[in-house]
Every structure is written in structure tokens, then in C-alpha cells.
Amino acid sequence: MLTQLALKHKTHDFNEPCIMGILNVTNDSFSDGGLFVDLESAKRQAEQMIHEGAHIIDVGGESTRPGAAPVSEQQELDRVIPIIEYLSDAIDVSIDTSKARVMTEAVEAGAALINDVCALQMDGALAAAAAAHVPVCLMHMQGSPRTMQHNPSYADVTADVYQFFEERIKACDIAGISRELLILDPGFGFGKTSAHNVALLRNISAFEKLDLPILAGLSRKSLIAEVINKPAHERVIASVALAMLAWQNGASIIRVHDVAETSEALTMCHYIKSFQGEG
Ligand code: 7PM
């Protein structure tokens, strides 16, 4: 099992939970809509997450919300590049994008990791990621952000996602992206019903056979709203519970909005899991 990932600032040892803090530099995200649009507030939000224990800051300038309007390449660059330049001296920054040019320029600006919800399927993305020589998160999505929640359907969601991972790993290999740079993500909420999300969360360990780190993003997602009828910003406790389950089931990187709370809970989980001594 691969247990390490070398980024710019740190080689992350996956015996310990790795926390990725979400920084949306859009103005239309469902959970922090309009709050972090300007550079100064984005910087403050990122610094808070670093202080709270984030290992990676995931910078995204394009909303992937179901039904969201697409953002132009230039608009996305204008949003993300200044914050990446500012943060990348202090912490490992991940660029959440599907666009080849944004990947290239973000890595030039200092990004240490590419997080692509389209798993490098957009025009030029495979080549851009290969040239960037940084780790890449390949996320599974059924359909496109605009239509993915209309009628998600699978023969066997875990087997289908597994097969998708195998195909994308192969495509990366052909494009010259070395396997040690890959991270896999089942894409909770991306073209999935609650039943699909539950199956994937229970079956995360099924992906361990692929011998690559798994990233899980469940923070504040609508799966929670189906159980606990609360708006996004009141889903913190439930999100921490899901983060713990994902980590327990084998995910190495946990993508979250609420870094302090998740960090404290996962530190406790790690303590229990790795405790050695008399009992
Ligand atoms: C609206 C709906 C806004 C959903 C934002 C979202 C993931 C991701 C996102 C994930 C990886 C969110 C999502 N989710 N990247 N980007 N994995 N790798 O809740 O699960 O942040 S966007």
C-alpha cells in the first residue's frame, strides 16, 4: 500500500489523516455563498484553516454545484492565481479545476496538486497534468455538473467506479503521468443517489486493491440533508461523523469546510488506532 505522498512543503504520511481545507473563490457556492469572493477575505479564510490544522488548501474558482453556470477560463484564472501565489509559500495548495490552462498556470503560480472532478477528461487536461509533474486527484462523476443529479443509475456503483478508476489510471499511464502521482476519489454527490453514496462510503476499502491514496469529500453534502434536515452551514457535526467513517474505512485525504472540528475528531481517531501499550 502506498503510504506517502510527496508534495512541495511536506511528504504526507498517510498513517496520519491528511486534511484538505476547502477554499471557494467563487461567489455562488452553496455552503458559503458570497462570503469569500475577494482576495483579502480568501486569504483570511485560508490562514484560519492553516491555523486549524489543514495540510492542503484546495482552491477552486469554478462552482461544481448541480446546475451552476460555467465560468470562463479567464474569470477562473483571475480568481485563483492571486490566492495561489499568496498561499503556496506557506502551505501545499491544490487547484480544483478541470481546465487545462488553469492547471498549467496554477502549477506555475505554485500549486502542488491538481484536483479535477472530471478526472482529466476535458480537452488538453491529460497533457497539461503530465507536463505539470504534480500529483493529481482523479474524481469520479456520472454525467456533468448541470445534469448529474437528474437520474443517477449504476449496475453496481462500487464496481462501476472501480472500473472508471482503472480506465483513468490507464489513460494517465498512456499520457505519461506516473502512477505514484495519482489519488482516487469516488466523488460523493456527483451523479449519485443517497443509496449510491452510502454504498461507496461503506465500500471505500474495495478501492484499496488499486493501491493508491483515496480522497473523500463528504463535507456538508446533501446526503446529510436527507437524514438531518438542516442548511449547509449547520451540517458540521454530521460532516465530522462522515469524515471519521471515511477515514476509518480507508480514505487518506479528507476534504472539508470545517477544518478545526474535523482535525480534532480525526486526531482522536488516529490516537486510538495507533495506540501501543498496555491495555
Ligand atoms: C456545490 C455543490 C458546491 C458541490 C460545491 C460542491 C469534491 C471536489 C467538490 C469532492 C473532490 C463541495 C462540492 N466536491 N473535489 N469538489 N472531491 N476531489 O461540496 O468530493 O465542495 S465541489
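Owing to the predicted nature of the structure, the values given are computational and were not obtained by experimental measurement. Residues: numbered from 1 along the sequence shown. Order of listing sets the numbers, starting from 1, for every ligand and every atom in it.
A salt bridge does not link E47 to R44: none of the charged nitrogens lies less than 4.0 Å from a carboxylate oxygen.
Counted within 6.0 Å of CD on Q75, heavy atoms from surrounding residues, nucleotides or ligands total more than 12; the atom is thus considered enclosed.
With a 4.0 Å heavy-atom cut-off, ligand 1 is reached by the side chain of D96 but not by its N, CA, C or O. Looking at L218 against ligand 1, nothing comes within 4.0 Å, counting heavy atoms.
Residue contact check: V117 has heavy atoms under 4.0 Å from atoms 8 (C), 15 (N), 16 (N) of ligand 1. Each of the following atoms of ligand 1 lies closer than 4.0 Å to a heavy atom of N115: 11 (C), 15 (N), 18 (N). Per-residue contacts place G217 under 4.0 angstrom from the following atoms of ligand 1 (heavy atoms of the residue considered): 20 (O).
N203 contributes no side-chain N or O that, together with a main-chain N or O of A206, makes up a donor-acceptor pair within less than 3.5 Å.
The shortest N/O to N/O separation between H257 and ligand 1 does not fall below 3.5 Å. Close N/O approach between R255 and ligand 1 is found [any backbone or side-chain N/O within under 3.5 Å].
A ring-centre distance under 6.0 Å is found for H196 and Y154.
Of the options I114, I95, D92, a side chain to side chain contact (heavy atoms under 4.5 Å, CB included) to V134 is made by I114 and by none of the others.
Among pairs with a residue in residues 97-119, those fulfilling salt bridge (charged side-chain N to carboxylate O under 4.0 Å, His left out) read E62-K99, E73-R101, E76-K99, R101-E105, at least two apart in sequence or across chains.
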